[in-house]
Each structure stands twice: as structure tokens, then as C-alpha cells.
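First the proteins, then the strands, lettered A, B, ... as listed; each starts at 1.
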Amino acid sequence: MMSRSDDPSASRSNRRRQFLIGMSAAATGALAAAPAHAETAPTQRHVTDAPNAHASAQARWPFYGKHQQGITTPRPAAGMVAAFDVIATTPDALEAMFRALSARLAFLTQGGMPPELDPKLPPADSGILGPVIEPDNLTATVSLGNALFADRDWLRPLKPRRLQRMTRFSNDALEARLCHGDLLLQFCANRPDTTIHALRDIVKMMPDTLVLRWKQEGTVPVLPAAAKGRAESARNFLGFHDGSANPDAGDAKLMQRVVWVGEGDDEPRWAVRGSYQAVRIIRNFVERWDRTPLREQEHIFGRRKASGAPFDGRTEFDVPDYARDPDGRVTPLDAHIRLANPRTPSTARNLMLRRPFNYSNGVNKAGQLDMGLLFICYQADLEAGFITVQKRLNGEPLEEYLKPVGGGYFYVLPGAESADDYLGRTLIEAARAAPSPT
Amino acid sequence: MKPQHLLAAGALAAFLCGPAAAATLDLVEPIAAYKIYVSEKLQTLVTDTKAFTSAVKAGDIATAKRLFAPTRMSYEAIEPIAELFGDLDKAIDSRADDYEKAEKSPEFQGFHRLEYGLWAQNSTEGLAPVADKLMADVTTLHQRITDLALPPEKVVGGAAALMEEVAATKISGEEDRYSHTDLWDFKGNFDGSQKIFELVRPLLENSEAAFVKKVADNFDTVDTTLAKYKDGAGYQSYDKLTDGDRKILASAVNTLAEDLSTLRGKLGLN
Amino acid sequence: MSTEKSAAPRPSRAMPLAVAAAAVLVLASGGLFYYATISKQAAPADGATRVEIGASACTPNELALPAGRHVFEIHNASQRPVEWEILDGIMVIEERENILPGFRQRLTASLKPGTYEITCGLLSNPRGKLVVAATAASDAAATAGPDLKAFIGPLSEYKVFLVMQGSALVAATQDLVAAIRRGDVARARALYAPARAGYRAVAAVAGRWADLQNSIDPAADYLEKREQDAGFTGFHRIEYGLFAGNTTEGLQPAADRLLADVTTLKARLGAVKLAPDDLTQGAARLARRLADGRIERGENAYAHSDLADLDASLAGLAKMARLVRPLIPTAAADLAKQLDGRVDAVRQALAALKSGDVYPSYERVDAAGRRALAGDFRDLADTLDTVSARLSPG
């Protein structure tokens, strides 16, 4: 187990402090949570590091803050995205929805006791977490889709400039029932039961404003805490480490550049402190993949399968030197990692923070396993980020084993900063301030 | 817990924690009135089914198609009661996907088998025995319910059950997949649910004013939305329902299902 | 409690008098056994509340009792057969009919707190007063309340039955009245029994409204001037005209009034608030009332259509029995079977009297036959009483 002093990252200490503040603000379980989380947090520095097996159910992330949680927050074992259609058509109705949603999410992420009702009535809570709702590291991240803006005259002028309806890439086979939505909720927690509980709570409490459209759950393999050094990146369902080259989420400056929309960006004022989110449900043809020679698999990815190291490196965190390999003799030019991140000065602005989960849904009509990657990434510029990267990946050899079937683009709301605030406030205020369109 | 969480939880409790009193004999009148409503619907169902099945047996495809949806409406309105008899509900209203071999299953009978023949095959061939069986089953249903003392919890619970059913298996348009007459069914389901709500409404009007208003408003939303698709005495094809209106209906139905799920408890029937 | 009193039509015409002929019949047949609860002896000292009905008033004329179950012993000290009733406004709570002069009869009533009226002999006599005071137990019962849930379904269904029968009664009465208006005696005679059927089927509840009962169903024998009495209205007035006079002449006012009365009855049936006792005790009370005199006496003195009447009564009783049956606990399965058996026995007894598909004139049923029929109804009443006690909520 790493002690705190083993970790040189100052930014991580900040994050840790922030986390502790969140805990102490909560009335229940704070004392119990502190030691438990002290054990687990240090080993998981990067969002895509494999989560620790001993994560505590009492641990919680603060709900209020500049930014929403669930983006630079270390990724726990269970993730879920759920897309909704929003019924509200007026600023008042939308504000009421945002306020109600914020209140529910604040409760769910901090935990507590649901009200006890007369047993003649349906219970207030599904009860799947027991009588006391433990926060279990739950984060809830609210983002808005293109349709929410496009379908409302008064919101249209306020649409983040790069927010758009996800269109088909060459290898996509998008299914309408798995795409888009007015609002996306991302839930992440130590246990899948916690994310399911959160979703059921929202579905039960807000049927008059939110209509569920689609959802996808995912998991990340849990590993015992590393004895020393940096934790491994989690493996995807193709057996490869995923996230080795992810930017350091503990580096606030880097995150401000890569992930968060800032004051100086050419985006609506209300959108500052938010982020673009791309979600993709990418089916993997795992049977076929498992019948592919190991060397071919490794060439398709551009990494060693066992270690995750690039062909010219020793560990997964070593950086491949493409400058020395212009013809792709070491790492093929069309290898996945090389197309995704060519590591040239000009492609530095295409960086994004990936936070994916693996999913496994059952069996398709042909009797093949329906599993793959619930890809989620965040960036300050959707076009420079995901869209550019995905265009570079068009036609990559890996496509033979992949089929993106769903997802969408969303804009993550700025954080609610205090109990008096609510998610979406800046947007509502901007809508009220704007002259109504003629 | 932070104060605002307590507030959120408190607001929730205030809304859901209405008095769940013991059931009283005040329910006798609403349930008697509902029984009369059911009896009238059943009489209509028997009459309409007679005309519908006669058209099928006469090979009059056009008339049979015209009578299919209006005939079903009476059944849909009283579905919570009709479903008390599992054998008949299965025989009258099961869908192809209730059976392993779908449309090819010999057990696939009733309204939807006739619908399949009329629309998917545009033929009445082989439908005469199905029509006779449907007529017999509907008649039996009428007889069985005539003498039945309706269980109050089924009646009151029926308001939510109807919305639950629409939310779970109908909003998708899978109920009348060959004829796309789903909006007629919706109307029947909504009317049936609303009837129950209106009958018990006087018992809640004082103690549960906010609840009563919310439910009534959602029924209004449904009425307004469905009214847009009115076509003569009936409704347009389900294909015509816009995505926006489908969402509005889905939201209203989900909210009604959620709110009406407390109705039994509020009336002390649990 | 008595808020309806002022609005209630005051029954003023139907003077219940015992029929001399009936008394003769009873005496002649020597069949006094059915007056098992009647005694000429001095009242036993068992806590029963004694009331003496004199020529012009009750003694005492005012009673004060705590809430709960009470046994009343009614002594008819007048020269006329009388009826004794406890009324809540126009609602009959309990009654004993046909108490012969000099006889005593008992009745048991479960009384809730409130102020009631008592009919004391002749309707022209001032009514007595019964004040029932609340007790700790009655207060507790009022607040805690019995588990009534099980009764909601059966009572609802009974309500539906009442409403349907009420509609049928009005429709059948309209037909009868139309035939009278046309002067079609034959048709009117044929429609008399069918019109009464709806009334008989709901008699268990219709009997609660003294005003309507006295207007719809008074028998001439209970009235001072018999057929010539101004209070001789309703079905039997029409029956008298059609069957004794073989004419529709002069019947129109009575016919119109009957139609108005049954229409009012239908509305009251639609609005009536039913309680569990209305089903269980109501059925028992009706069966006993039929058994204790009416069957042996006969009620349709001119048409002799009593078997059709009893058939309709049975329909009402059977419906009530069918509805309470599922409430009988499984531990008392024998009681449920017994109830089935008793209903069946009445049904078979009536069926046995049919010639072909129709009921013969009641004149063809002799005293022994009537007594046997009364016995079947009494057995049913006894079983219904047992069921009622078993189901009594709280």
C-alpha cells in the first residue's frame, strides 16, 4: 500500500483535501469513510487506473463544486449512462426540473435515510441498498444534448457552439433507440447496485419531467491495490490496457486546458466550467477477436497485450517515439494508439480525457456475445477532441472488430457551487436575460 | 446530511405521506358505480364483438377492419377487471410474442390473431373458428363478471395498473402492431383509469388536494394530446404520433402510473 | 342522528292492524308454535326493557338507554294488533309486526348513540322517544371501527343489485301503470306480479323507509277502514281493483302515486349508504319477517300471487347470502354449507309448488303447506342470524 508521502503530486493532495471537505460536510458515515478512503485513494491517481478492490461504501464525493464530479474523479468499478428526453418546454419548467434533479442528486451522492412512509403506500425508495443509502463513491454528472437546445426557440441561441447531433462515422451502425437525448446522466460508483439505485430513484421521482430513452451500464475490472508504483490501467474487453496515455486528471492546469471550458473560450458565458462529453456504445466482436493471432492483435492496437507497453517501451506508461519510427516499422502507422494520438505538436490540441467502461449485455440474435466498450470522453472542444480523433481513426484495422451502435454528444453543465445553487442555473439565467427570439 | 438534503427528503415525505387511513365503507358507492360502468362496457363489448366477428365470418374484410379498434376499446377500458380471469384474458387479448412460435403458434387466438389475419394477411381465411371462439370468450367474460363482487383493491389498483400497462407494453406501439390502432386502445385504457380515479376522487378531494390536482392535470395532458389525433369517431394510425407527442404521453403515463400507485394506500386498501 | 326527521314524510295513513282473519286462521290451525318468542306471562327479570303499548300511548313513552345491545319486550295492551318500530328519522332500525292484543313479543336491537323515535300503536298516537347515550365502548368502536374492508366488495355488489332491481321495478311499474291508463284489465292483471317482483327483491332495504313502505305496500287489513281507508294505496290498492273489482276504474291516482313512490325508492336505493349489518342482519330480518306471519297469512289477498312474491324475495335473499358467503371464515365451512343448504331448501320448496313453469294461486297452498314454507324461511333466517353473529364486525 502506498502512503501519502509516496505520491509527489501536489494536485492530488488538493483533490484529496477537497474530498475530505465533502465528507466532513456530510452528517453520516464521515468518520467511517475517512480511513477507508485513505487506503484506496492514493493508488488510483488517474481516472482510468483500475479501481481498488477495497473501496468503501461510506466514501463520498462532494456534490457541490466548481465542476461536476464524475469527470476528473477517479473512475470507480461501476458506471452507467442514461439518456432522457426532457418534457419541459419553458424556462420555468426547465428550472423546476433542474432544481428537482439537483436536489435528488445531492441526496443520492451524499447518502442518508429515505423517509419512512406508511406501509400501505409504495415505499419512498427502492430499498435495494438497504434502509440507509450509503454514498458508495457515487458521482452523478448531468449533461445536455443538442436536441434540448434545438427543439426550444429560447434555448437555441444559447447552445454551446460545438454541440451538435452525433452523425455517423464510416464504421458506425447507429441504432436510433440507443442514440442522442436531451439530457444524459452519468452515474459512477463502487458497486453497480448503487448506480442502479440512483437511476431508479430518478425514474421514480421525476417521471413528469424526464422520459428515459436509453441506458448503458459498464464495469471496470477491480484490482488489488498495487504493491508499489503506479496502478495499472484497467483492461478493456479486448484484453488491452485502456487509458495508459490518458492525460493526468490530477493536473488541474492540464485539465483546465484539455477538459474544461474556460472564461476565454468562444463559448456562451453560461457554459464556463462545463465540458463536452462524447459517449459511444462500441460493440466488440469478441469471438472473432479471440480467434485473431496475438501478434496481429498487438499490431492493431500498437501495444503489447500482456504489459500494455508500446513496442519500443517497457511499461504501459512509456511513451512511444514515433519520430524515430516515421515508416511504422515499430508501431504500424495505422495502429490504434498511433492514429488516436500521433503525439505531434499539432495534435496536442486533440487531447481528451477518456473515462470508459466495459459493457456486457447478453447475446445477440446470432448467438454472439453482445459486449464492448462504453466509451466516454471529455474535452473543452468537441470538434478538436473526439470528432477529430475519431475521423483519424476512420478505416483503422481495429474497425473489423468494432461496431459503434449508439451514444451521442452532450454538454456537461457547470457545477452547482453551493446548496443555494443548482445544476443548470447559469443556463436558465442566460435564457431569462436573452431577448426572446422573434 | 446537509440541510438541503433533509429538505429534499422532507418535501418528498410531505408529498407521499398523505394519510393512509383504513378503508371505509365510503368506497362502497364508487365501487358499485364502477361495477355498473364495467357492466355497461361489457354489454357494449358483447354487442360490438358480435358485429365484428360476424363481419370476419362473412369474409367482409373492410367492415371487419373498421370494427376492430372500436370493439377493443370497451375491453381495454375494463382490462384490470377482465384480467381477473387469466384464461379469458389470454384467449381474448394475448399477443403473438406471448407464444414461442409467435404468429405460427396454434394457441395464438383472440383479437390479435384476427388483427394479424386482417392486416398482415389481408384475408379472413381460416379466421371463422377464431371469431367464434372470441365471441364465446367475450360472452363468458360477461357472464362471469355479472355475478362477481369486484375486489375493491383490484378496482382501485386498476387505475394504476392500466397506466402501468400502457407504460410497459403499449407506448412502444407493439400492442396493435399489424393495424397500428394503438391510439384507440390508449383511449380505452385512459378512460378506464380516469373513471376509477374520478369515482374515488371525492374521497380524496379534501385530504389530498395537491395529489388530486396533479393526477387530474396529467389526465388532461393525455386528453389534449390524444385529441390531436382524433379522426372521426376514432383515432389516426399510431405511425402518425409525433416523437414529441409520444414523449409527452410517455411522461404523463409514467407520472400517472407513479402517482396512482399510491391510490390503494391512500384509500387504505393495502 | 335524526336530522332527516323534519324532512321525513310522516306516515299517517297506514295503521298496522292485525287481520282478524289471520288470527282466526292461526288459531284454527292450532299453529301457535311460530310465536315462540311471544309470551302472555309476566316479563322475565332478565334485563329486558319492557314497553307497554296502550290505546293511545306507550308506557314508558320515553326511554333512555346506554349504547349497545338491548332486548325489548313489547306488550300489546291495546285492543288492536300493532306494530312496534324504532325509527331513526324515516329509517326503520328494528321492528316487530303483528303483535296481537295481549301478547308480548321480544326484539333485540344493537343501538348506536343518538335519539330515536318509536311508533306506539296507532299511527295517530304520539311517537315515543328513545335516547341512546354514548358509552366508552361505543366511543371506542366509533373511533377504532371494525375491519370493514372485507365488506366493501360484497356491499358494492349488493348496491349494484339494488340499483339494477330499482330500475327494473320502475320499468315494470311503468308498464303496469300504462296498462291501467289504457284500461287494459287483462294486461294490467298480468303485469301485477312482475311489477311487485322488483319491490320484493329489494324489500330487505326498502323496508327501512317507513314512509315509502306505508305508501307502496300497506295491506287493507292493517288499515282502520280496510279497502275504504284513505291510506289504502300502493300495490294492494291496485291489486284490489284489478282482481277483486276486475276493473281499472278509479285506479289511476293510485297507479300514478305508486309510480312516483317506486321512482323515489329507486333514487333512495341509489343513494343509500349500506353497512355490513344491512347485508347480514338485513337478510335474516327479512326472512324472519316472512316466516313469522306473512307467509302463513298471505299478502296478496285478491291476486293470490304470493308464490311469485316469495320467489322474488328469495332472489333478494339468495343474492345477499351469496355475497356474505365468502366472508364466512374457513374455520366455519360447515356454516357456509348450511347456508347453501337453507337457500336451496327454500328454492326447492317453491319449485315443488310450481305446476309446470308457473306458480299456482296461493289459495291452492293449504295451511300445512304454508306452514312448511314458513318453516323453510325460518330455518334460513336462523342460519342467517348465525352467519350474522359470526361476521359481526368489531
Side-chain angles (χ1 to χ4, degrees), chain A residues 22 25-30 62-64 84-89 99-125 132-133 135 147 151 176-177 181-182 201 203-213 416 418-422, chain B residues 1-23 153 156-157 160 163-164 167 171-172 208 211 214-215 217-218 221-222 225 242-270:
Chain A
T28 56
F63 178 73
Y64 297 106
F84 295 85
D85 290 318
V86 172
I87 296 302
T89 54
R99 283 186 184 274
L101 183 62
S102 301
R104 285 321 296 164
L105 297 179
F107 171 71
L108 291 167
T109 56
Q110 304 309 297
M113 289 273 285
E116 239 178 88
L117 304 186
D118 189 308
K120 289 194 186 81
L121 295 171
D125 185 81
V132 176
I133 295 162
D151 295 348
R177 57 181 192 88
D182 292 338
D201 185 274
V203 164
K204 179 176 178 62
M205 297 299 171
M206 305 193 59
D208 48 343
T209 47
L210 295 176
V211 178
L212 189 60
R213 198 179 159 93
S418 71
D420 306 326
D421 199 1
Y422 64 92
Chain B
M1 216 189 300
K2 290 183 178 181
Q4 72 280 1
H5 306 145
L6 285 169
L7 263 182
L12 166 74
F15 186 70
L16 291 177
C17 275
E153 61 278 3
V156 173
M163 292 302 95
E164 220 45 274
I171 201 79
S172 54
E208 301 272 352
F211 168 83
K214 189 175 172 212
V215 172
D217 286 351
N218 274 308
T221 301
V222 168
T225 311
T242 66
D243 209 34
D245 284 335
R246 193 192 56 77
K247 283 180 211 167
I248 289 169
L249 279 181
S251 169
V253 168
N254 286 333
T255 310
L256 283 169
E258 191 69 47
D259 290 341
L260 292 172
S261 73
T262 65
L263 204 54
R264 280 192 317 177
K266 285 182 193 302
L267 293 169
L269 283 170
N270 286 349

If you round to the nearest 0.5 Å, how far is CG of Asp243(B) from CG of Asp85(A)?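 The CG atom of Asp85(A) sits 7.0 Å away from the CG atom of Asp243(B).
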Roughly how far, to the nearest 0.5 Å, is NZ of Lys120(A) from CG of Leu269(B)?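 With rounding to 0.5 Å, CG (Leu269(B)) is 9.5 Å from NZ (Lys120(A)).
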Closest non-hydrogen atom pair, [X] against [Y]:
{"X": "Ser251(B)", "Y": "Val211(A)", "result": "CB-CG2, 3.4 Å"}
{"X": "Ile87(A)", "Y": "Lys247(B)", "result": "CD1-O, 3.4 Å"}
{"X": "Pro122(A)", "Y": "Ser261(B)", "result": "CG-O, 3.3 Å"}
{"X": "Leu121(A)", "Y": "Thr262(B)", "result": "CD2-O, 3.5 Å"}

Thr89(A): partners by side-chain hydrogen bond (donor to acceptor under 3.5 Å, both in side chains), with sequence neighbours left out: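 Here no residue qualifies.
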Among residues at least two apart in sequence or on other chains, which ones pass salt bridge (Lys or Arg N to Asp or Glu O under 4.0 Å) with Asp151(A)?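 Applying salt bridge (Lys or Arg N to Asp or Glu O under 4.0 Å) to Asp151(A) gives none.
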